[in-house]
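Below is one structure; the comments refer to it alone.
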Amino acid sequence: MRDTSVAVVVVRDRAGWYFINRRALWRARYPGRFGIGAGGKVNDAETAEAAAARELREETGLDGHPSPVLAFLYDDGAVRHTVHLFDIVIDRVPIPNCAAEWSASGWVPPDVVDRLHRAGLLSPDTAALWDRYRGTRPV
């Protein structure tokens, strides 16, 4: 199994709500599960910081400078990647659904993310990053 790197940006507004998405059902990995923010693979010769800004722009249309939070190795036996976790706090704006990635998306308060997590509806790597993120940021 090859270790890849991914950059994930948790997007939250000044009131503490989070931008979440539901993975499209045709996706090979974790179809129909929920994710937080925007993210994807760090390309060759690309820094995690550059990948975070690129994924944020590609998936949400937002331009910004996400702040690094932490990095960790995610390995569930089928998927292994180094997760570079970032966040950005913005004024809440409508974010169009990225139909190439998600079947739905929108803003929710943190208790909804917690409920999705408890119900097992977050993608497994998102659940792992949410657990770590909660330990570093107010929710």
Side-chain angles (χ1 to χ4, degrees):
M1 181 179 340
R2 184 171 167 243
D3 183 12
T4 59
S5 289
V6 297
V8 178
V9 183
V10 173
V11 180
R12 61 187 165 103
D13 72 5
R14 297 185 196 292
W17 285 43
Y18 290 84
F19 179 75
I20 67 168
N21 57 73
R22 187 166 196 183
R23 293 179 60 82
L25 293 175
W26 57 264
R27 301 288 303 207
R29 188 174 298 147
Y30 314 132
R33 297 282 188 95
F34 288 87
I36 300 173
K41 185 175 184 265
V42 177
N43 294 324
D44 293 338
E46 183 179 43
T47 65
E49 291 79 7
R54 175 181 52 76
E55 290 288 346
L56 181 67
R57 187 176 50 260
E58 287 176 1
E59 294 183 2
T60 68
L62 298 171
D63 282 313
H65 301 284
S67 300
V69 177
L70 56 85
F72 67 96
L73 179 64
Y74 175 78
D75 186 349
D76 68 6
V79 174
R80 177 184 169 101
H81 46 242
T82 301
V83 177
H84 299 273
L85 181 57
F86 296 80
D87 78 348
I88 191 165
V89 179
I90 65 169
D91 292 322
R92 188 182 317 168
V93 295
I95 296 176
N97 188 57
C98 181
E101 301 276 340
W102 314 320
S103 61
S105 60
W107 292 96
V108 298
D111 64 302
V112 170
V113 181
D114 288 333
R115 283 198 307 264
L116 291 169
H117 188 0
R118 285 191 304 274
L121 296 175
L122 294 180
S123 66
D125 53 352
T126 297
L129 78 81
W130 182 246
D131 288 338
R132 288 165 175 83
Y133 184 80
R134 285 180 52 90
T136 64
R137 295 292 190 263
V139 285

Following the transitive rule for hydrophobic clusters with a side-chain heavy-atom cut-off under 4.5 Å over Ile, Leu, Val, Met, Phe, Trp and Tyr, establish whether Val42 and Leu129 coincide in one cluster. no
Step by step, work out the ring-ring contact (aromatic ring centres under 6.0 Å, His included) result for Trp130 and Phe34. CA-CA 11 Å; Trp130 182 246; Phe34 288 87; over 10 Å; no
Using the salt bridge (Lys or Arg N to Asp or Glu O under 4.0 Å) criterion, which residues pair with Glu49? Sequence neighbours excluded. none
So which heavy atom on Ser5 is nearest to which on His84, and how close? OG-NE2, 3.7 Å
Please find the pair of heavy atoms, one from Ser105 and one from Asn97, that lie closest to each other, and give the distance. OG-OD1, 2.9 Å
Please answer: with hydrophobic residues joined when any side-chain heavy atoms are less than 4.5 Å apart, are Ile95 and Val89 in the same cluster? no
Residues which pass side chain to side chain donor-acceptor pair (under 3.5 Å) with Arg14, listed by chain and number, not counting sequence neighbours: Asp91
Candidate pair Val6 and Glu55, rule side-chain contact (heavy atoms from CB on, under 4.5 Å), full reasoning: CA-CA 10 Å; Val6 297; Glu55 290 288 346; over 6 Å; no
Counting only N and O atoms by type, is there a donor-acceptor contact under 3.5 Å from the side chain of Arg22 to the main-chain atoms of Arg33? no
With sequence neighbours left out, the residues meeting side chain to side chain donor-acceptor pair (under 3.5 Å) with Asp76 are Tyr30, Tyr74
Any chance you could lay out the side-chain contact (heavy atoms from CB on, under 4.5 Å) test for Ile20 and Leu116, step after step, and finish with the verdict? CA-CA 11 Å; Ile20 67 168; Leu116 291 169; 3.8 Å; yes
Heavy-atom donor-acceptor pair, Arg57 side chain to Asp63 backbone, under 3.5 Å: no
So CG of Asp75 and CG of Asp125: to nearest 0.5 Å the spacing works out to 11.5 Å
Ile36 and Phe72: same hydrophobic cluster, using ILVMFWY side-chain contacts below 4.5 Å? yes
In this structure, would Leu62 and Phe86 fall into the same cluster of hydrophobic residues linked by side-chain contacts under 4.5 Å? yes
Is the backbone N or O of Gly37 less than 3.5 Å from a side-chain atom of Asn21, with the two atoms forming a donor-acceptor pair by type? yes
Find the distance between CG (Asp13) and CD1 (Ile88) and round it off to the nearest 0.5 Å. 12.5 Å
Decide yes or no on side-chain contact (heavy atoms from CB on, under 4.5 Å) for Glu59 and Val9, but give the supporting numbers first. CA-CA 11 Å; Glu59 294 183 2; Val9 183; over 6 Å; no
Find out if a path of hydrophobic residues (ILVMFWY) with successive side-chain heavy-atom gaps under 4.5 Å connects Val93 to Val10. no
Dump the intermediate steps for side-chain contact (heavy atoms from CB on, under 4.5 Å) on Val112 and Trp17, then the final yes or no. CA-CA 9 Å; Val112 170; Trp17 285 43; over 6 Å; no
Would you indicate whether the side-chain heavy atoms of Arg132 and Val83 approach each other to under 4.5 Å? no
Drop me the distance from Trp102's CH2 to Arg23's CZ, to the nearest 0.5 angstrom. 10.5 Å
Less than 4.5 Å apart, any side-chain heavy atom of Pro66 and any of Leu56? yes
Can you name the closest pair of heavy atoms from Ala7 and Ala48 and give their distance? CB-O, 3.7 Å
For the CZ atom on Arg92, are there more than 12 heavy atoms of other groups (residues, nucleotides or ligands in this structure) within a distance under 6.0 Å? yes
Which value, rounded to the nearest 0.5 Å, describes the distance between His81 atom NE2 and Lys41 atom NZ? 12.5 Å
